K.L.:
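Here it is, the structure, as structure tokens.
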Amino acid sequence: MELEIEYVGVGAEAVEVEILTQVAWVRLGETITLEAAAYDANEAVLEGTPIAWNSLDPLHASVPDPAVGEVLGGSEPGTARIVASLLTGQADTVDVIVIGEGTGRVLIVSNSDFDNEAVLQEFGVRMLGIEFDTMNVSGQTPTLAFLATFQAVLLYENGLFGNAPSVGDVVYDFVQAGGNVVIGTFYWQDRSDNLRPELTSSGWGALEMIDPFLGPQGSEYVPDSLDMASIVAHPLTAGVDSLLVDSFHGGVAPKAGTTVVASWSDGVPLIGYRTEPGGQRLVAVSTFPSYARHCCFEGDFYLIWENALRFALSGSIPAASPAAVAARGLQVQRAIPAQQLPQRSTGGTRREN
């Protein structure tokens with residue numbers, strides 16, 4: 001005779017379990033701890049309810065202890081489905097993305113579809129292990145939940161645009177949530193300290209508090225080359241021994257707390273970075289990432305950008321659980337909904353002088 005067992009302990013009245021960590025990353029061999037909550041029919045949290053964890057894809061990630069939401073990165077990169085279950089049968093599943101060092105997802109952000117697509121094509125075929133996507137932010141602002149599905153953002157612009165402060169604010173929040181940022185020309189033309197009288201900049205909102213370079217000149221429109229004597233040995237400069245551009249570079253100055261590892265021949269910083277307390281990396285490269293579609297360069301252009309992106313991707317890992325976001329005073333719903341890539345809109349044009 002089969003016996004039917006009914007659970008009557010703590011949380012027996014639960015009708016739902018929800019994994020609170022909606023975006024989860026873990027590196028190979030490292031761990032991340034997920035959180036979940038059980039709710040009754042009135043959506044009240046039932047503290048102390050037992051929750052069991054398991055992985056449906058142990059090759060990518062495992063759960064060493066079913067009673068604890070700790071996930072261990074496996075032997076191969078990929079996506080692992082992690083399940084949280086109640087003793088009363090309800091369950092919830094989240095994807096945990098398992099990544100290697102220097103690999104992962106990058107969102108290319110600017111106000112130009114043309115340049116975004118150029119960067120996507122030029123970088124995508126050269127930087128294996130990095131997955132790129134693009135977003136035109138000339139008339140729309142990404143949500144924090146959407147940005148947190150990437151480990152790093154590559155941010156630049158092509159011509160001034162009024163939405164820059166809103167974009168800068170959410171990218172700042174992304175960094176506070178553990179994200180990493182690489183910044184390129186012509187970002188500094190829209191920085192609020194731009195001294196060029198013909199440019200009426202909008203600023204980049206809160207991001208200006210933590211970005212690596214000031215932008216007094218925004219950009220220079222004359223040829224220049226990398227000063228080899230300025231190179232500091234660092235992952236950002238590994239293998240780099242030359243760069244010559246005919247325009248679209250420089251115009252910046254380092255901020256306090258920024259480490260400069262390479263400069264142009266006139267002493268203006270080319271590559272610099274700063275690290276936030278949580279390990280978030282902000283890298284600045286004072287040349288235009290979409291150069292290949294506009295004019296001329298020689299040397300290690302792509303290697304410099306690849307080093308910058310891999311260095312950023314090896315920084316902290318973003319988190320966007322409701323608890324993490326609420327801790328920073330931001331408003332969130334109980335569950336952050338899955339985000340779709342917003343509709344792209346028409347980009348601007350560069351101002352050349």
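Below, each value reflects all heavy atoms present in this structure, side chains not excepted, and no hydrogens, waters or symmetry copies. Everything numeric here is computed off the predicted structure, so don't read it as measured data.
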K.L.:
What I'd like to find out is whether the side chain of Phe213 reaches to under 4.5 Å of the side chain of Pro269, using heavy atoms alone.
P.N.:
yes
K.L.:
Are any non-hydrogen side-chain atoms of Val268 and Ser263 less than 4.5 angstrom apart?
P.N.:
no
K.L.:
Identify the residue among Asn111, Asp115, Asp113, Asn116 that makes a side-chain hydrogen bond (donor to acceptor under 3.5 Å, both in side chains) with Asn158.
P.N.:
Asp115
K.L.:
Does Leu244 offer a backbone N or O that forms a donor-acceptor pair with the side chain of Ser225 under 3.5 Å?
P.N.:
no
K.L.:
Would you check, one step at a time, whether the test side chain to side chain donor-acceptor pair (under 3.5 Å) holds for Thr88 with Gln90?
P.N.:
CA-CA 6 Å; Thr88 47; Gln90 297 87 352; 2.5 Å; yes
K.L.:
Has the side chain of Asn163 got a donor or acceptor atom that lies under 3.5 Å from a matching backbone atom of Val137?
P.N.:
yes
K.L.:
Are side-chain heavy atoms of Tyr187 and Leu155 found at a separation under 4.5 Å?
P.N.:
yes
K.L.:
Please report the closest heavy-atom contact between Val45 and Ala37, naming both atoms and the distance.
P.N.:
CG1-CB, 4.4 Å
K.L.:
Using side-chain heavy atoms (C-beta onward) and a distance below 4.5 Å, is Tyr39 in contact with Val17?
P.N.:
no
K.L.:
Report yes or no: is the cationic atom of Arg281 (NZ for Lys, CZ for Arg) closer than 6.0 Å to the six-membered ring centre of Phe311, at no more than 45° off its axis?
P.N.:
yes
K.L.:
Kindly determine whether Glu117 and Thr134 satisfy side chain to side chain contact (heavy atoms under 4.5 Å, CB included), including the steps that lead there.
P.N.:
CA-CA 7 Å; Glu117 292 299 327; Thr134 70; 3.9 Å; yes
K.L.:
To check you understand the geometry: which heavy-atom pair defines the closest contact between Pro216 and Ala253, and what is its length?
P.N.:
CD-N, 4.1 Å
K.L.:
If you define the side chain from C-beta out and look only at heavy atoms, does anything of Leu46 sit under 4.5 Å from Glu13?
P.N.:
yes
K.L.:
Taking all atoms of both residues into account, what is the closest heavy-atom pair of Thr103 and Gly129, and its distance?
P.N.:
CB-O, 3.0 Å
K.L.:
Could you label the plane-to-plane angle of the Phe301 and Tyr291 rings as parallel, tilted or perpendicular, counting under 30° as parallel and over 60° as perpendicular?
P.N.:
perpendicular
K.L.:
Name all residues meeting the side-chain contact (heavy atoms from CB on, under 4.5 Å) criterion together with Ala61; count only those two or more places apart in sequence or in a different chain, and write none if there are none.
P.N.:
Val71, Ala80, Val98
K.L.:
Do Arg274 and Asp211 meet the salt-bridge criterion of a basic N to acidic O distance under 4.0 Å?
P.N.:
no
K.L.:
Quick one: do the Thr275 and Gln280 side chains pair a donor with an acceptor below 3.5 Å?
P.N.:
no
K.L.:
Indicate yes or no: does Arg126 engage Glu306 in a salt bridge with an N to O separation below 4.0 Å.
P.N.:
no
K.L.:
Would Trp305 and Phe297 count as a ring-ring contact (aromatic ring centres under 6.0 Å, His included) here? Give the steps.
P.N.:
CA-CA 13 Å; Trp305 283 108; Phe297 64 88; over 10 Å; no
K.L.:
Please lay out, stage by stage, how Val261 and Ile231 fare under the test side chain to side chain contact (heavy atoms under 4.5 Å, CB included).
P.N.:
CA-CA 6 Å; Val261 295; Ile231 291 182; over 6 Å; no
K.L.:
Do the side chain of Asn136 and the main chain of Ser138 share a donor and acceptor less than 3.5 angstrom apart?
P.N.:
yes
K.L.:
Honestly curious: do Val283 and Val232 fall in one hydrophobic cluster under the side-chain, below-4.5 Å linking rule?
P.N.:
yes
K.L.:
Determine whether the side chains of Asn307 and Thr237 contain a donor N or O and an acceptor N or O closer than 3.5 Å.
P.N.:
no
K.L.:
State yes or no: do Phe132 and Val182 share one hydrophobic cluster built from I, L, V, M, F, W and Y residues joined by side-chain heavy-atom distances below 4.5 Å, directly or via other members?
P.N.:
yes
K.L.:
Tell me whether Tyr302 shares a hydrophobic cluster with Leu243, the cluster being built from Ile, Leu, Val, Met, Phe, Trp, Tyr side chains joined at under 4.5 Å.
P.N.:
yes
K.L.:
Looking at side-chain heavy atoms only, is the closest gap between Leu154 and Ile183 below 4.5 Å?
P.N.:
no
K.L.:
Have Asp190 and Ser201 got a donor and an acceptor in their side chains that come within less than 3.5 Å?
P.N.:
no
K.L.:
Tell me whether Glu298 at atom CD has more than 12 heavy atoms from other residues, nucleotides or ligands lying less than 6.0 Å away.
P.N.:
no
K.L.:
Taking a hydrophobic cluster as the set of Ile, Leu, Val, Met, Phe, Trp and Tyr residues connected by side-chain heavy atoms closer than 4.5 Å, whether directly or through intermediates, do Met209 and Val175 fall within one such cluster?
P.N.:
yes
K.L.:
With a 3.5 Å distance limit and no angle check, can you tell me whether Asp300 reaches the backbone of Ser242 through a side-chain donor-acceptor pair?
P.N.:
yes
K.L.:
Provide the closest heavy-atom pair for Lys255 versus Ile210 in the form atom of the first, atom of the second, distance.
P.N.:
NZ-N, 4.0 Å
K.L.:
Between Trp204 and Phe161 (judged by ring centroids, cut-off 6.0 Å), do the two rings come close enough to count as a pair?
P.N.:
yes
K.L.:
Determine yes or no for a side-chain-to-main-chain donor-acceptor pair under 3.5 angstrom, with Glu220 supplying the side chain and Phe248 the backbone.
P.N.:
no
K.L.:
Would a hydrophobic clustering, with Ile, Leu, Val, Met, Phe, Trp and Tyr connected at side-chain separations under 4.5 Å, put Leu56 with Val68?
P.N.:
no
K.L.:
We want to know whether Ser230 and Trp264 form a side-chain donor-acceptor pair, criterion being a heavy-atom distance below 3.5 angstrom.
P.N.:
no
K.L.:
Keeping the roles fixed (side chain from Ser110, backbone from Glu157), state whether a donor-acceptor pair exists under 3.5 Å.
P.N.:
no
K.L.:
Cut-off 3.5 Å, side chains only: do Gln217 and Ser219 have a donor facing an acceptor?
P.N.:
no
K.L.:
Ile32 vs Trp25, test: side chain to side chain contact (heavy atoms under 4.5 Å, CB included). Steps then yes/no.
P.N.:
CA-CA 7 Å; Ile32 182 176; Trp25 304 84; 5.6 Å; no
K.L.:
To check you understand the geometry: which heavy-atom pair defines the closest contact between Val63 and Ser55, and what is its length?
P.N.:
CG2-N, 3.9 Å
K.L.:
Could you check whether any side-chain heavy atom of Gln151 comes within less than 4.5 Å of a side-chain heavy atom of Val106, counting everything from C-beta outward?
P.N.:
no
K.L.:
For the pair Ser316 (side chain) and Gly178 (backbone), establish whether a donor and an acceptor sit closer than 3.5 Å, ignoring hydrogens and angles.
P.N.:
yes
K.L.:
Does the side chain of Leu270 come within less than 4.5 Å of Leu226's, by heavy atoms?
P.N.:
yes
K.L.:
Going through the distances and angles, do Ile271 and Ile304 end up as a side chain to side chain contact (heavy atoms under 4.5 Å, CB included)?
P.N.:
CA-CA 9 Å; Ile271 308 169; Ile304 287 172; 3.8 Å; yes
K.L.:
For residues Ser314 and Glu101, is any side-chain donor paired with an opposing acceptor at under 3.5 Å?
P.N.:
yes
K.L.:
Taking all non-hydrogen atoms of both residues into account, name the closest pair between Gly279 and Asn180 and its distance.
P.N.:
O-OD1, 4.0 Å
K.L.:
Are Phe186 and Tyr156 an aromatic pair, judged by ring center distance below 6.0 Å?
P.N.:
no
K.L.:
Which of these, Asn54, Asp57, Thr93, sits in a side-chain hydrogen bond (donor to acceptor under 3.5 Å, both in side chains) with Arg81?
P.N.:
Asp57
K.L.:
Check the pair Asp95 / Thr79 against side chain to side chain donor-acceptor pair (under 3.5 Å), numbers first and verdict last.
P.N.:
CA-CA 6 Å; Asp95 287 343; Thr79 299; 5.7 Å; no
